[in-house]
Amino acid sequence: MEPRTSAEVGGMGHSLKRKEDPRFIRGKGTYVDDVQLPGMLYLDIVRSPHAHAKIVKIDSSKALAVPGVLAVITGQDLAKYNLHWMPTLMSDTQMVLPVEKVMYQAQEVAAVLATSRYAAADGAAVVEVEYDPLPVVVDPHKALEPGAPVLRTDKKDKKDNHIWHWEWGDRAATDRAIAEADVTVKQDIYIPRIHVASIETCGCIAHFDKVNDKLTVWMTTQAPHAIRTVFALVAGHVGLAEHKIRIISPDIGGGFGGKVPVYPGYVIAVAASVLTGKPVKWIEDRMENLQADSFARDYHITAELAAKKDGTLTALRIKTLADHGYADAAANPSKFPAGLFHVCTGSYDLKAAHVEVDGAYTNKPPGGIAYRCSFRVTEAVHTIERMADLMAHQLAMDPAEFRMKNFVKPEQFPYKSALGWEYDSGNYHGALQKAMDTIGYAELRREQVDKRRRGELMGIGISSFTEIVGAGPSKHFDILGLKMFDSCEMRIHPTGKAIARFGTKSQGQGHETTYAQILAEELGIPAKDIQVEEGDTDTAPYGLGTYASRSTPVAGAAAAMAARKIRDKARKIAAHLLEVAEEDLEWEPGKFSVKGAPGKSKTIQDIAFAAYTNHPQGMEAGLEAVSYYDPPNLTYPFGSYICVVDLDSGTGEVKVRRFVAIDDCGNIINPMIVQGQVHGGLTMGLAPALYEEISYDESGNVQGGSFIDYLLPTAVETPKWETGHTVTPSPHHPLGAKGVGESATVGAPAAIANAVVDAMWHLGVRHVDIPITPAKVWKLLREHGVTE
Ligand code: CDP
């Protein structure tokens, strides 16, 4: 699509360089740890070596003797103020600091407050804690067995480790369709526990100003307003009222869902600052971040897919066990304990589907966050895309042909899925065809046949995913009761320059650039003349924040709506200036002209000046508007990815030879930023497919708690991504745009897994769980007689 605005204005469709980059590239960003306040104190946290143990005694005497250490804070101290437990985003409860027992390895046990970070760390090293170990439950299946030790003994009536059961869809119709099917495939799929591992770890500075009774917290949060409200609700009883709380979320070095929850360190820092009246800084280190912050995934899935002999899909049945650790601290909309997992029919026109999920407590850190994913969509996509490949192979159909046969057709949109979602728009055939043409699919299949003859292992994997982003219509979506709308407030200054503030918070996605482009598109004010601000609750309008690719679908729409309100007022001022009726004016980006007399016009800058100097009698001065946008539906971006792998039969190594990604996020605001989002997203999809996992041994010891064991792909492991797009606008979004930030992370793992299984299908291999390590492949090859 050709941009409607000039390069000078820089509206939608222009690859504007990111406004934020000059400060990042020069090292001039302001992250939480860059903030230094006079008299600041520091916290360090003592963590449990046990996964489940009673706390017999905490001896702080040696720590208090360390020069610079001021206090050792324990659960007993917080209990005096009823702050030792806090609510989670899923209305469960989680410890801030324990009073009786610890529930996972690396759990916070006590906090040391000191005049320097080093003194705090020295103090933490000598706090002596006596533990009495308890039986550890690591496997969620065992957690649900009768007689398993009950973990949440704090809940009086809790007699087991079952958190909740949730199901969706038509069970009877699905059971019937599966019983009557010509062909069925069934597979257990484990999607392991992983961690977002953002470059910047979590942290905060809490500063309680005792004179003004005001708490300011600089923190690495993706949702500053929601945090402010939660703080006010949780700590109202100790005098923290919402108008006296200011959350500032400065530059953030990657969030990916991991900076949505409230972590105990934040609460301890606030409590310490309220008690001392001093600013208190808490910044976790890398190992604390990996071992104790919220995890993602950890779904144990059994899926069954049914089809007719001719390959037409009929039904999908899924049962899942969700390991939530010791508390359900998932960041999900409250009505959906398993997030949007029930988008699991994916891109296929299935007539019947049923999904059920059970949550279980185990001795692991709490969580269930959406790692660059719209609330469990990655789990859904991975399942349906693996199952689609299994079925295609089972039917001896080409996986691409099988998908083309079963896709929802373009003319079926808006499409109501068997599990009740209304997909807004899509052209799945177009995206897959483009991916096949780009990669040379037919030729690759011929090459594969030749290679198989020579005993070489080459695989081709497809993932044709449908995403669901932009939560949400507030009638369905809330977090802790807060409706999931978002906001933009724009003010145009007399000289035609502007400021716009949002309820979202960028963590590297380039909002300062793309929101300015949306406003430039709507008003014709150059994007460079529009300052975008987010992340300060004292100035920004209320919004639910940035995660789950909701910024463009929700706050981006709010920007367009606020700009349109401003344009309506600008039209009245232009009519007054040009002495014509409003109906006699026509708009083109940047100016109103008199119909039939194009020479008679007023630019948006002329109008802005008049709004303060020469506005019509009876009209309020100024040119500003605010919009709180409640989307009528979610947006459904999609894409088709094709991956080619070669397996080393000696070592089991998977080499990604080519990866073509065709994405469709509707109308694009900034093509360069979208490409960057897809590149980063693909690498974050490669990571869990081949490398990342946090696992636990039987005693609950974390494996994968440092970058020695938790493998992040670097540039060396990352293949060259070949990207492209199709454009299918969203019919309900004011700009026709859909989100894109997480698409690639959601779609990529299945393409890689499908390619690896495709390379070994002829040997009898049907499935391999991610991460597909060389050891797993080598073992399969050995079992199937390829290697010794
Ligand atoms: O919520 P989050 O910012 O993570 O996700 P998003 O809405 O998908 O946007 C990620 C970045 O891509 C933002 O800078 C968007 O403005 C940009 N984008 C775009 O340029 N065009 C689209 N159709 C979608 C997103």
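Excluded from the calculations below are hydrogen atoms, water molecules and symmetry mates; all remaining heavy atoms, backbone and side chain alike, are included. Just so we're clear, the structure is a prediction, and the values are computed from it rather than from any experiment. Numbering of ligands and ligand atoms starts at 1, following listing order.
When non-hydrogen atoms are compared, ligand 1 lies under 4.0 Å from the backbone of Thr552 as well as from its side chain. At a heavy-atom cutoff of 4.0 Å, ligand 1 is contacted by the backbone of Arg550 but not by its side chain. Contacts with ligand 1 closer than 4.0 Å are made by heavy atoms of both the backbone and the side chain of Gln509. When heavy-atom distances to ligand 1 are checked against a 4.0 Å cut-off, Lys738 comes that close only through its backbone atoms N, CA, C and O. Residue Ile669 touches ligand 1 through backbone and side chain together, judged by heavy-atom distances below 4.0 Å.
Under a 4.0 Å heavy-atom criterion, Pro553 is in contact with ligand 1. At least one heavy atom of Cys665 lies less than 4.0 angstrom from ligand 1.
Ser551 places a side-chain heavy atom less than 4.5 Å from the side chain of Tyr515. Using a 4.5 Å heavy-atom cutoff, the side chains of Lys528 and Glu8 are in contact. In this structure, the side chains of His733 and Pro631 stay at 4.5 Å or more apart for every pair of heavy atoms.
Considering each of Val674, Ile518, Thr504, the one bringing a non-hydrogen atom nearest atom 19 (C) of ligand 1 is Val674.
Heavy-atom contacts of Ile668 reach the following atoms of ligand 1: 21 (N), 23 (N) (cutoff under 4.0 Å). Using a 4.0 Å cut-off to heavy atoms of Thr546, the atoms of ligand 1 that qualify are 1 (O), 2 (P), 3 (O), 4 (O). Counting the atoms of ligand 1 from 1 in the order shown, those under 4.0 Å from a heavy atom of Gly739 are 8 (O).
Figure legend: cation-pi geometry between Arg372 and Phe256 absent, as NZ or CZ is not positioned both under 6.0 Å from the six-membered ring centre and within 45° of its axis. A cation-pi arrangement is absent between Arg403 and Tyr428 under the rule of less than 6.0 angstrom and at most 45 degrees off the ring axis. Cation-pi contact between Arg26 and Phe24: absent, since separation from the ring centre below 6.0 Å together with deviation from the ring axis within 45° is not met.
On a distance-only criterion, Gln677 and ligand 1 share no N/O pair closer than 3.5 Å. For ligand 1, the polar-atom distance check finds no N/O of Ala737 at less than 3.5 Å from any of the ligand's N/O atoms. Taking any N or O of Val740, backbone or side chain, at least one lies under 3.5 Å from an N or O belonging to ligand 1. Looking at His511 next to ligand 1, an N or O pair under 3.5 Å apart turns up.
Atom 23 (N) of ligand 1 has its closest protein heavy atom at Asn667 O, 2.8 Å. Of the protein's heavy atoms, Asn670 N, 3.0 Å lies nearest to atom 20 (O) of ligand 1. Remark: minimum distance from atom 5 (O) of ligand 1 to any protein heavy atom is reached at Ser549 CA, 3.4 Å. Of all protein heavy atoms, the one closest to atom 1 (O) of ligand 1 is Ser551 OG, 2.7 Å. Protein heavy atom nearest atom 16 (O) of ligand 1, with residue, atom name and distance: Thr514 OG1, 2.8 Å. Protein heavy atom in closest approach to atom 17 (C) of ligand 1: Ile673 CG2, 4.0 Å.
Aromatic ring centroids of Tyr542 and His225 lie under 6.0 Å apart.
Among residues at least two apart or in separate chains, there is no salt bridge (charged side-chain N to carboxylate O under 4.0 Å, His left out) pair with a member in residues 675-694.
Judged purely by distance below 3.5 Å, without hydrogens or angles, the side chains of Asp478 and Ser334 pair a donor atom with an acceptor atom. Defined by atom type and a distance below 3.5 Å, a donor-acceptor pair is missing between the side-chain atoms of Ser249 and Thr221. Ser474 and Asp630 are linked by a side-chain donor-acceptor pair at a separation below 3.5 angstrom, with hydrogens and angles left out of the test.
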- Task: Test Tyr266 against Val217 for side-chain contact (heavy atoms from CB on, under 4.5 Å), laying out the working first.
- Result: CA-CA 9 Å; Tyr266 299 143; Val217 189; over 6 Å; no

- Task: For salt bridge (Lys or Arg N to Asp or Glu O under 4.0 Å), just list the numbers for Lys565 and Glu624, CA-CA rounded to whole Å, side-chain angles, deciding distance to a tenth of an Å, and then say yes or no.
- Result: CA-CA 8 Å; Lys565 286 186 193 174; Glu624 60 186 73; over 6 Å; no

